[in-house]
Undergrad: 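Dropping the structure in here first, questions after.
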Protein chains: 2
Amino acid sequence: MQEILPNASQVHQKYMSLALLEAEKALRNREVPIGAVVIHQGAVVGRGHNMVETLNDPTAHAEMIAITAACETLQTKYLHNCTLYVTLEPCPMCAGALVWSKIPTVVFGAIDEKSGGCGSLFNICENNNLNHQIEIIQGVLELDCSEMIKQWFKSKRL
Amino acid sequence: MQEILPNASQVHQKYMSLALLEAEKALRNREVPIGAVVIHQGAVVGRGHNMVETLNDPTAHAEMIAITAACETLQTKYLHNCTLYVTLEPCPMCAGALVWSKIPTVVFGAIDEKSGGCGSLFNICENNNLNHQIEIIQGVLELDCSEMIKQWFKSKRL
């Protein structure tokens with residue numbers, strides 16, 4: 001009997017759900033709700049949620065924390081054969097970090113039109129002058145990801 | 001009697017010398033020799049040197065470590081009234097982090113024509129679409145800064 005494998009879209013949704021769980025952790029800590037996970041051979045090897053306010057550190061974005069955690073888990077400075085899932089398009093800082101990590105693929109949910117570093121304001125991940133280019137897949141669970149951030153900003157204005 | 005104050009150029013050279021001392025620490029640890037300091041009211045509040053190999057972490061650039069250290073010292077996520085001195089033009093990751101930190105001024109030594117994020121490959125620090133722009137001063141102790149990096153790469157090829 002042939003095994004029924006999940007298709008790529010289902011796999012992406014599964015891992016983006018884990019990134020959304022990370023974003024919820026940020027939400028509970030009154031941070032902008034953004035979450036990320038790094039997947040290697042089907043396992044989570046790094047996870048992170050936005051901790052800028054908690055740590056008083058402007059570099060403490062979900063992706064940065066997830067990258068550092070994954071490198072610690074895998075004991076390497078390169079995330080070959082990994083995929084990072086993040087609820088919002090990475091900013092220029094995080095896009096730059098992802099290029100340095102040599103990760104082959106990044107999947108994100110909502111687009112950050114104002115300051116996105118993966119095609120919106122800059123396209124750092126696919127720039128041919130850098131020594132690594134990243135495949136970008138966008139729009140996975142986009143509504144869930146964007147709605148969580150929108151609601152957060154709306155609540156701040158009340 | 002009028003006090004003779006050092007001119008801006010001398011001040012920049014003084015603090016860039018401290019960044020060069022940080023770069024030497026990286027050199028001793030067999031890292032690409034790049035160093036950074038954050039100055040606030042004439043005092044060093046954060047310092048960092050490249051630790052990518054030591055920590056197995058592609059995000060562990062001199063500027064990132066110096067920013068996080070300065071935020072810790074000042075107990076704030078914003079580096080208002082600070083200046084970061086770094087021996088090499090910040091990459092896109094570090095340039096993005098500096099914009100998030102809202103630091104008003106960045107001074108660097110050598111230009112990174114290949115992947116610089118402050119005017120060479122990207123100009124993240126002065127982009128008007130982001131919510132903060134940074135004054136960039138370049139070329140301070142440029143020869144010392146570039147020579148240290150060139151010698152390091154030369155030694156690696158032998």
Side-chain angles (χ1 to χ4, degrees), chain A residues 31-32 38 46 48 50-61 63-80 82 84 90-103 112-118 120-125 127-132, chain B residues 31-32 38 46 48 50-61 63-80 82 84 90-103 112-118 120-125 127-132:
Chain A
E31 301 268 1
V32 184
V38 176
N50 179 23
M51 295 185 78
V52 167
E53 307 296 332
T54 309
L55 298 178
N56 257 342
D57 186 346
T59 74
H61 284 199
E63 302 94 311
M64 303 298 283
I65 294 166
I67 291 168
T68 298
C71 289
E72 172 72 21
T73 302
L74 299 173
Q75 286 292 297
T76 168
K77 64 172 180 168
Y78 292 133
L79 298 178
H80 300 309
C82 292
L84 179 131
C91 74
M93 171 180 73
C94 295
L98 288 160
V99 171
W100 289 127
S101 82
K102 300 206 174 186
I103 200 165
D112 182 357
E113 286 180 6
K114 192 173 166 287
S115 53
C118 302
S120 289
L121 179 57
F122 294 101
N123 195 338
I124 294 166
C125 291
N127 188 291
N128 286 321
N129 292 302
L130 294 171
N131 66 2
H132 177 73
Chain B
E31 300 268 1
V32 183
V38 177
N50 178 23
M51 295 183 79
V52 167
E53 305 297 332
T54 309
L55 299 179
N56 256 344
D57 185 347
T59 75
H61 284 198
E63 303 94 313
M64 304 298 282
I65 295 167
I67 292 168
T68 298
C71 289
E72 171 74 18
T73 302
L74 300 173
Q75 285 293 298
T76 169
K77 66 173 178 166
Y78 293 133
L79 298 178
H80 300 308
C82 292
L84 179 130
C91 74
M93 171 180 72
C94 296
L98 288 160
V99 170
W100 290 127
S101 82
K102 300 206 176 186
I103 200 165
D112 182 357
E113 286 179 5
K114 191 172 166 289
S115 54
C118 302
S120 290
L121 180 57
F122 294 102
N123 196 339
I124 293 166
C125 291
N127 188 291
N128 286 320
N129 293 302
L130 294 171
N131 66 1
H132 176 74

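Residue numbering restarts at 1 for every chain, and letters A, B, ... go by the order of the sequence lines.
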Undergrad: If I measure from the heavy atoms of chain A, does B:I124 come under 4.5 Å with its side chain, its backbone, both, or neither?
TA: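 Contact with chain A involves both backbone and side-chain atoms of B:I124.
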
Undergrad: For each of A:L55, A:L121, A:N56, A:T59, tally heavy-atom pairs with chain B at distances under 4.5 Å, and name the one with the top tally.
TA: A:N56

Undergrad: Identify the two heavy atoms, one from B:K77 and one from A:D57, that lie closest to each other, and give their separation to 0.1 Å.
TA: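 Smallest interatomic distance, heavy atoms only, reads CB-N, 4.1 Å.
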
Undergrad: Grab the two heavy atoms, one from A:F122 and one from B:N123, that are nearest each other, plus how far apart they are.
TA: CZ-O, 4.0 Å

Undergrad: Any idea which of A:C94, A:A95, A:C91 has the most non-hydrogen atom pairs under 4.5 angstrom with chain B?
TA: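 Most pairs with chain B among the choices: A:C91.
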
Undergrad: Below 4.5 Å from any heavy atom of chain B, which atoms of A:I67 appear? Answer side chain, backbone, both or neither.
TA: side chain

Undergrad: Checking heavy atoms, do the side chain of A:N127, its backbone, both or neither come under 4.5 Å from chain B?
TA: side chain

Undergrad: With a 4.5 angstrom heavy-atom cut-off, could you sort out which part of B:Q75 is near chain A: side chain, backbone, both or neither?
TA: both

Undergrad: Of the backbone (N, CA, C, O) and the side chain (C-beta and beyond), which part of A:T68 lies under 4.5 Å from a heavy atom of chain B, both, or neither?
TA: both

Undergrad: Compare every heavy atom of B:K114 with every heavy atom of A:N131, then report the nearest pair and how far apart it is.
TA: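 Looks like CB-NZ, 4.0 Å.
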
Undergrad: Using heavy-atom distances under 4.5 Å, tell me whether B:S115 contacts chain A through its side chain, its backbone, both, or neither.
TA: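 Both backbone and side chain of B:S115 come within 4.5 Å of chain A.
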
Undergrad: Measure A:A97 against the heavy atoms of chain B and call it side chain, backbone, both or neither at under 4.5 Å.
TA: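 Answer is both: backbone and side chain atoms of A:A97 are under 4.5 Å from chain B.
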
